[in-house]
Amino acid sequence: MQMMTRDVLLEMELEEDDDDDGDIGGVPASKRPLMAPATLPSSLASRSHHSAFCLSEFDHAGTSFLENLEQTIVSGFGSLESQQDFRTPEFEEFNGKLDSLFFNDGQRRIDFVLVYEDESRKETNKKGSNEKQRRKRRAYESNLICDGLQLEATRSLLDDKLVFVKVHAPWEVLCTYAEIMHIKLPLKPNDLKTRSSAFDNFNWFTKVLQVDESIIKPEQEFFTAPFEKNRMNDFYIQDRDTFFNPATRSRIVHFILSRIKYQVRDNVKKFGINKLVSSGIYKAAFPLHDCNFSSPSEDLSCPNERYLLYREWAHPRSIYKKQPLDLIRKYYGEKIGIYFAWLGYYTQMLLLAAVVGVACFLYGYFNQNNCTWSKEVCDPDIGGKIIMCPQCDKLCPFWKLNITCESSKKLCLFDSFGTLVFAVFMGVWVTLFLEFWKRRQAELEYEWDTVELQQEEQARPEYEARCTHVVINEITQEEERIPFTTWGKCIRITLCASAVFFWILLIIASVIGIIVYRLSVFIVFSAKLPKNLNGTDPIQKYLTPQMATSVTASLISFIIIMILNTIYEKVAIMITNFELPRTQTDYENSLTMKMFLFQFVNYYSSCFYIAFFKGKFVGYPGDPVYWLGKYRNEECDPGGCLLELTTQLIIIMGGKAIWNNIQEVLLPWVMNLIGRCRTVSGAEKKAPRWEQDYHLQPMGKLGLFYEYLEMIIQFGFVTLFVASFPLAPLLALVNNILEIRVDAWKLTTQYRRMVPEKAQDIGAWQPIMQGIAILAVVTNAMIIAFTSDMIPRLVYYWSFSVPPYGDHPHYTMEGYINNTLSYFNVADFKSKSKENPYTELGDYTTCRYRDFRYPPGHPQEYKHNIYYWHVIAAKLAFIIVMEHIIYSVKFFISYAIPDVSKSTKSKIRREKYLTQKLLHENHLKDMTKNMGVIAERMIAVVDNNIRPKSD
């Protein structure tokens, strides 16, 4: 006879509705998705804790059972007073053991903690609302008990309104749900020998960087297989209390908590701890840290993993050590473990890029004195006598070229031959990083048992709740439930894409607003700032109209980026919730793509504008190009827009790093400090483990998502625009070294323990990085070709400095500035208002501007000259050659380096073979044993039948 728990649900007709997440309703029971515990296989439906209330017999599964259960639920409950069959957790006084991780009996481990505020002790007691919350909570807790979980309630020592409900999953429940969730558990110790590495001889050198194995002992490796209760004897069970480690226990309990129902209203069932927390019925739900981070537990049986992680990973003195990835994975789960593994590997690879970037920067620094064109700009007899045309229509004056002297000197640091070498190197570096990371990721998949994770992952409870449409599976030809039809899916995709597109247009509109600001403010700065370099004020050397406009626009752009980021974050979550992905991995990947697409436009749009649009379509002084028919397009400095792009990168990268660190360090620390001050008044009281953890900050579902996003945005800056700023990898390296330890400190000291989650890889971030790597080749080639002045200088050096175009007898850069500035006749201004209003500079008949055009009086005056067409041809040829060379090297590297190393493939195949062999042999042994017992019984029966006849 099969047994199954009956859910306790409340029928509330006059109550306001909650969110739609976690609802099941509006459909017959036969078309409704199976939720826990109804999802249990019939062979797993029995429970270790039965009662007349919690258990009802049934003979038919599937539709008939659900219909009978629905009738029982709907008709079984009236008012709260008549519901005498609620099961509630037992209230126990705190036993004084501060570090205890067990119930008061000291035997049952606390796997999860639920926190709520006692309605009877609230200061503002709204009787109706409080009563509804209490009924929902009582129904939920009763169903938890019916599902086999054990609860114990304890009132807070610091705030008597708070109640902590401790949850324990017995052995039978753990085994049942381990099979449902396809959790891999140990079969036998792994006896495969680790191959020696060629670098083993250098262990003496790396030993100082390793974590001390006497402090954090290496984890024992096992052959594993998905757990099955009917094969329990095949698994390596030495101790039932330790067979499921704390992280696995918490994951199983959270799986149950997310699927238990607590209310039915208008044929709609509501379920899940997430919804109860968001609606305020519970204040929090979390697994426990195992001890205090600053000192080990007094309990000798406690492994003190949190303390070890803080000491050997999060503490500043461990900043030079490698991360204890196995312990991170064991304590926080594979999802957090794979993030820190990726971040650590990315930081290691940045070391090589930073060294090469610094070398290229030093090359530009030491060759600064050989920068002939900068000397010409600063020379009073050359740059001091070149009068430049006004860069706006009304208030802008004529100006002397030598006021950009300091900018030209800075530009020599970045716009050099070393930058070209570094851009090519980074195109190869990013490919090496991605390919070697794939290999490292494959090793972690094997070591952490996530090779076949996609087959194990369960559907999200929000998805299960919406599975109301029945379709026929094309492969199995069996009925299955889906949340919406094909037409409904198309409508959702269209709406989601439209929303994302609208927000991208909004970002583009903000970028256009910044451009308009630059155009209008440049006029003001040109009128207010000094027009002549007198040498008495050192600020004049740096504070040019171009620099002032660039810096203020970059700061405003950064502020707008942060504001839009905060708004769109909530919008992207709403869109993804409406899209309703099936699994948590699908949900995160969908949200990742939406958020990154937005962030890509948000963070990089201003950089793309400066690099590829500013100063490219300006016309010439007599016939300028206008934005919106009103604003004259911006022009670059005589040295190009590269320095402005560098300034933009420094401000956004630096500002983002500072802002993120303030958020990650100060915000949780201040919030925890405020929380402690509120709860502790008068004499200091010592609180138990669960109460200490409650006053820490919740990490949130998307906490790790933002860590990835921060690093991927940085990865984009390091790769997409590195040709303009070779020191970007160095800044990223320093930031990441601190980021690893800041994130570690935050997780171990300031946040509650997250529910451990499985993860096979870094998800959608991998293809995003691959896309950035491909785009980076194009952007860096175009920055060198169109943003910097490297190609025009090379064309001048090899073609226009010597006959037939030049007058110098040998190749030289002398005269480059004069050759790249065209002449304009002041009398050709279309508007007389553009005549020079500043008489102190004199009355000039001609001025110069940055372009390659014929001078006044030429038969093709103001048309592009032959130098222009040579430069354009050289730029296009450079882009084509550079892209083809780098792409060829990238694809060769990708082909030559396999995603999974040969040794890892061998280990995976070997483990699979031995696992199957072990299970098969054990199965044969059981069959042989059973056959022997049956044979003995048959012989005994035959003997009993023959003996009477012979007698």
Side-chain angles (χ1 to χ4, degrees), residues 346-371 373-374 406-433 550 554 603-604 607-608 610-612 637 639-657 711 713-737 772-773 775-791 793-794 878-879 882-883 885-886 889-890:
Y346 170 47
T347 305
Q348 290 177 19
M349 291 294 290
L350 275 176
L351 179 61
L352 176 61
V355 170
V356 178
V358 170
C360 292
F361 175 80
L362 292 177
Y363 172 84
Y365 177 80
F366 289 117
N367 283 274
Q368 195 173 7
N369 295 330
N370 299 327
C371 193
W373 60 274
S374 177
E406 292 301 321
S407 298
S408 67
K409 289 180 179 179
K410 296 174 188 174
L411 195 58
C412 289
L413 298 175
F414 304 106
D415 195 359
S416 65
F417 179 74
T419 303
L420 171 60
V421 175
F422 188 55
V424 174
F425 166 80
M426 287 300 293
V428 177
W429 172 88
V430 70
T431 304
L432 291 173
F433 163 61
S550 174
S554 298
Y603 278 104
Y604 301 142
C607 294
F608 274 100
I610 294 172
F612 306 124
D637 282 340
C641 289
L642 189 68
L643 186 61
E644 188 172 346
L645 178 59
T646 304
T647 303
Q648 181 83 357
L649 284 173
I650 293 174
I651 289 177
I652 293 182
M653 280 188 69
K656 186 173 179 296
M711 290 296 101
I713 294 296
Q714 180 207 87
F715 178 78
F717 281 122
V718 168
T719 54
L720 290 173
F721 306 102
V722 75
S724 66
F725 189 40
L727 294 181
L730 178 63
L731 297 183
L733 174 65
V734 174
N735 177 78
N736 289 5
I737 291 174
I772 291 175
L775 182 61
V777 178
V778 180
T779 56
N780 284 303
M782 294 183 67
I783 286 173
I784 294 174
F786 292 105
T787 309
S788 78
D789 256 13
M790 183 176 296
I791 302 301
R793 289 199 302 268
L794 290 175
F878 171 80
I879 292 175
M882 180 177 173
E883 285 182 0
I885 290 176
I886 296 180
V889 174
K890 284 169 65 70

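Just so it is clear, the model here is predicted, and its values are computed rather than measured.
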* Side chain of N780, backbone of T719: donor and acceptor closer than 3.5 Å? -> yes
* Asked: Which atom names give the shortest non-hydrogen contact between I879 and A781, and what distance separates them?
  -> CG1-O, 4.0 Å
* Check L642 against S788 and note the closest heavy-atom contact, atom names and distance. => CD2-CB, 3.9 Å
* Asked: Is there a donor-acceptor contact under 3.5 Å from the side chain of T779 to the main chain of A776?
  -> yes
* Under the disulfide (SG to SG under 2.5 Å) test, residues paired with C371 that sit two or more places apart -> C412
* **Heavy-atom donor-acceptor pair, W429 side chain to V424 backbone, under 3.5 Å** => no
* Asked: Can you name the nearest heavy-atom pair linking I772 to L720, along with the distance?
  -> O-CD2, 3.9 Å
* Just checking, any donor-acceptor pair under 3.5 angstrom between side chains of Q368 and Y363? -> no
* Flag side-chain contact, heavy atom, 4.5 Å: C607 against L649 -> yes
* Starting from the C-alpha separation in whole Å, work towards a yes-or-no answer on side chain to side chain contact (heavy atoms under 4.5 Å, CB included) for V430 and F715. => CA-CA 10 Å; V430 70; F715 178 78; 3.3 Å; yes
* Check: F878 and E883 side chains under 4.5 Å, non-hydrogen atoms -> no
Give every donor-acceptor pair under 3.5 Å between a side-chain atom in residues 724-734 and any protein atom, sequence neighbours left out.
| from | atom 1 | to | atom 2 | distance (Å) |
| --- | --- | --- | --- | --- |
| S724 | OG | F721 | O | 2.8 |

* Report the residues that fulfil ring-ring contact (aromatic ring centres under 6.0 Å, His included) with F361, sequence neighbours left out, ordered by chain and then residue number. => F414
* To do: Let me see the working for F433 and L350 under side chain to side chain contact (heavy atoms under 4.5 Å, CB included), right down to the final yes or no.
  => CA-CA 9 Å; F433 163 61; L350 275 176; over 6 Å; no
* What are the two closest heavy atoms between L411 and L643, and how far apart are they? -> CD1-N, 3.6 Å
* K890: what forms a side chain to side chain donor-acceptor pair (under 3.5 Å) with it, not counting sequence neighbours? -> T431
* Structure fact -> Hits for side chain to side chain donor-acceptor pair (under 3.5 Å) against S408, two or more places apart or cross-chain, chain-then-number order -> S374
* Asked: So Y604 and F717, would you call those rings parallel, tilted or perpendicular, with 30° and 60° as cut-offs?
  -> perpendicular
* To do: Only counting residues at least two apart or in another chain, list the ones meeting ring-ring contact (aromatic ring centres under 6.0 Å, His included) with Y365.
  => none
* May I ask you to test the M711-N735 pair for a side-chain heavy-atom distance under 4.5 Å? => yes
* To do: Before giving the answer on side chain to side chain contact (heavy atoms under 4.5 Å, CB included), spell out for F786 and I791 the whole-Å C-alpha distance, their side-chain angles and the decisive distance to 0.1 Å.
  => CA-CA 8 Å; F786 292 105; I791 302 301; over 6 Å; no
